[in-house]
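Shown next, in structure tokens, is the structure this report addresses.
No experiment lies behind these values; they were computed from the predicted model shown. Residues take their numbers from the sequence shown, with the count starting at 1.
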Amino acid sequence: MPVMESFYIEPGNIKNGFGKVVGDEFFHLVRVSRKRKGELIYLFDGTGKIYTARIVDIGRDKAECEIISEDFMRGEVDENVAIAQAILKNLERFEFALEKLTELGVKHIIPLITERVVPAKSPKDISRNKIERWKKIILSACKQSNRALIPELSEPISFESFILTSEMYEKKIILHEGANFKSSLFYDYIGQLGDISSILIAVGPEGGFTDEEVELAVKSGFDVVSLGERRLRSETASIIGLGIFMQFLISKKSNK
């Protein structure tokens, strides 16, 4: 049996037991996926609701779908998990990280501009077109993984401003491999966590965070955490770190 595909639908386009697929998603449904009347698909609204639906009519610019069943926050953990990922010199690698972090279940992604970030020295250096492209990558990753909740993508932010706005998180960690700071291994660290409502994980660019940035983070309540002695690419560190943590949260939730 083929795997059902997911399509994004604006919440306002679901009314009285029917959903209307329009715009780019309609084009993808008809021209790319070549869906036909009577086929079953998933519809998700980005807020956590996912619907099983049957296509009942395909017009020139919209597809009408009958809602069969509804689910909410399927596969999501209760905790607010955020990743502050430094923008990488190789933007393809940064976009790969956005895709995989979304698939793994991050709820908030913060593009970070640090001292060693090459493509941008301030948020103004990141074009609106690039941010819109990143949003499309995140949406596509939700569709690929049948995820109903679209992660929030913040505006790019400088490291200093990021530190000042990080107080909303119950736990804050910065991934760093330097010998100048006492650190915990990531696996040991999460194993000692009690019940938390939110966590923020900061990941540096190529070359990592500077000692000054780590010191500023520590003074602001961040814990220094290491993924081991190997020197990992930035996107590898964020993906493996989130993957381990999400498995920890999923296991804890299933064992309650």
Side-chain angles (χ1 to χ4, degrees), residues 2-83 85 95 97-111 123 126-157 165 168-169 197-198 242 246 253:
V3 177
M4 285 168 53
E5 291 187 61
S6 293
F7 298 89
Y8 174 67
I9 186 169
E10 294 282 351
N13 284 336
I14 297 178
K15 296 178 181 178
N16 302 319
F18 288 86
K20 181 171 61 177
V21 181
V22 298
D24 290 343
E25 291 298 283
F26 171 73
F27 178 86
H28 187 84
L29 183 146
V30 175
R31 302 299 182 190
V32 179
S33 298
R34 298 189 177 278
K35 295 298 180 183
R36 297 290 182 261
K37 182 178 176 180
E39 289 193 61
L40 293 176
I41 60 173
Y42 289 127
L43 300 175
F44 70 100
D45 67 359
T47 70
K49 290 183 179 179
I50 188 166
Y51 306 87
T52 300
R54 178 179 288 108
I55 302 171
V56 295
D57 185 60
I58 298 177
R60 294 184 61 183
D61 58 359
K62 65 181 179 180
E64 293 283 351
C65 303
E66 179 186 10
I67 303 300
I68 298 173
S69 63
E70 174 183 337
D71 202 354
F72 183 65
M73 300 296 276
R74 185 174 67 190
E76 300 292 335
V77 298
D78 297 329
E79 294 83 357
N80 179 18
V81 182
I83 296 283
Q85 170 65 59
E95 292 173 352
L98 294 181
E99 178 183 80
K100 299 310 170 189
L101 294 174
T102 299
E103 291 175 11
L104 286 168
V106 73
K107 291 186 178 178
H108 188 186
I109 301 173
I110 306 165
I126 304 298
S127 70
R128 177 53 49 187
N129 286 342
K130 194 170 295 297
I131 294 172
E132 292 304 314
R133 172 179 166 80
W134 294 345
K135 289 180 179 180
K136 289 181 179 179
I137 288 170
I138 289 171
L139 176 61
S140 178
C142 285
K143 293 165 63 176
Q144 190 279 327
S145 57
N146 283 338
R147 188 178 181 193
L149 182 69
I150 300 176
E152 177 186 354
L153 177 68
S154 290
E155 294 289 313
I157 189 172
T165 58
M168 62 178 288
Y169 294 94
S197 60
S198 60
L242 179 66
M246 293 304 293
K253 183 177 181 179

Checking Ile109, Ile126, Asn129 against Trp134 for side-chain contact (heavy atoms from CB on, under 4.5 Å), the one that qualifies is Ile126
Exercise for review: Take Tyr51 and Ile68 through the test side chain to side chain contact (heavy atoms under 4.5 Å, CB included) and record every step on the way to the result.
Suggested key: CA-CA 7 Å; Tyr51 306 87; Ile68 298 173; over 6 Å; no
* Can Arg36 and Glu39 be counted as an ion pair, charged N to O under 4.0 angstrom? -> no
Side chain to side chain contact (heavy atoms under 4.5 Å, CB included) between Phe7 and Lys35: does it pass, once the steps are laid out?
CA-CA 11 Å; Phe7 298 89; Lys35 295 298 180 183; 4.3 Å; yes
- Give the intermediate values and the outcome of side chain to side chain contact (heavy atoms under 4.5 Å, CB included) for residues Ile110 and Ile83. CA-CA 6 Å; Ile110 306 165; Ile83 296 283; over 6 Å; no
Nearest heavy-atom contact between Arg54 and Gly38 is CG-O, 3.6 Å
Ile131 and Leu153 have their tightest heavy-atom pair at O-CD2, 4.1 Å
Smallest heavy-atom separation, Ile150 atom then Cys142 atom, equals CA-SG, 3.8 Å
* Can you establish whether the number of heavy atoms outside Lys107 located under 6.0 Å from its atom NZ is more than 12? => yes
Only residue of Val81, Leu101, Ile138, Leu98 satisfying side-chain contact (heavy atoms from CB on, under 4.5 Å) with Pro151 is Ile138
Next on the checklist: Looking at Arg74, I'd like to know if its CZ atom is crowded, meaning that more than 12 non-hydrogen atoms belonging to other residues, nucleotides or ligands lie closer than 6.0 Å.
Outcome noted: yes
Residue set satisfying side chain to side chain donor-acceptor pair (under 3.5 Å) with Ser140, at least two apart, ordered chain then number -> none
So, Glu10 and Lys20, do they make that salt bridge, N to O below 4.0 Å?
no
query = So do the side chains of Ser154 and His108 get within less than 4.5 Å of each other, counting heavy atoms only?
reply = yes
### Message
Could you walk me through whether Lys130 and Glu132 satisfy the salt bridge (charged side-chain N to carboxylate O under 4.0 Å, His left out) test, starting with their C-alpha distance in whole Å, then the side-chain angles of each, then the deciding distance to 0.1 Å, before giving a yes or no?
### Response
CA-CA 5 Å; Lys130 194 170 295 297; Glu132 292 304 314; over 6 Å; no
* Asked: Got Leu139 and Thr102 here, is their nearest side-chain heavy-atom distance under 4.5 Å?
  -> no
Practice item. State, with a plain yes or no, whether a side-chain heavy atom of Val77 is found less than 4.5 Å away from one of Met246. Key: yes
Between Phe72 and Thr47, the two heavy atoms sitting closest are CE1-O, 3.8 Å
Salt bridge check, Glu155 against Arg128: does any charged N sit closer than 4.0 Å to a carboxylate O?
yes
| Could you walk me through whether Leu43 and Ser6 pass the side chain to side chain contact (heavy atoms under 4.5 Å, CB included) check? | CA-CA 6 Å; Leu43 300 175; Ser6 293; over 6 Å; no
Quiz item: Can you check whether Lys49 reaches Met73 side chain to side chain, under 4.5 Å on heavy atoms?
Solution: no
What one should report as the nearest heavy-atom pair of Arg147 and Gly105 is NH2-O, 3.1 Å
- Assess Arg60 against Phe27: is NZ or CZ under 6.0 Å from the centre of the six-membered ring, and within 45 degrees of the ring's axis? no
Here the gap from Asn146 atom CG to Ile50 atom CD1, rounded to the nearest 0.5 Å, amounts to 5.5 Å
Does the ring center of Tyr8 lie less than 6.0 Å from the ring center of Phe44?
-> yes
Exercise. So, do Ser33 and His28 sit near enough that their side-chain heavy atoms are less than 4.5 Å apart?
Worked result: yes
**Prompt:** Under 4.5 Å between any side-chain heavy atoms of Met4 and Thr52, yes or no?
**Reply:** yes
Under a 4.0 Å N-O cut-off, is there an ion pair linking Glu25 with Lys143? yes
Over 12 non-hydrogen atoms of neighbours within 6.0 angstrom of CG in Asp71: yes
Between the CZ atom in Arg34 and the CZ atom in Arg31, the distance rounded to the nearest 0.5 Å is 8.0 Å
Scanning both residues in full, the closest heavy-atom pair of Val56 with Cys65 reads CG2-N, 4.1 Å
Rounded to the nearest 0.5 Å, the CD1 atom of Ile137 sits from the CD atom of Gln144 at a distance of 13.5 Å
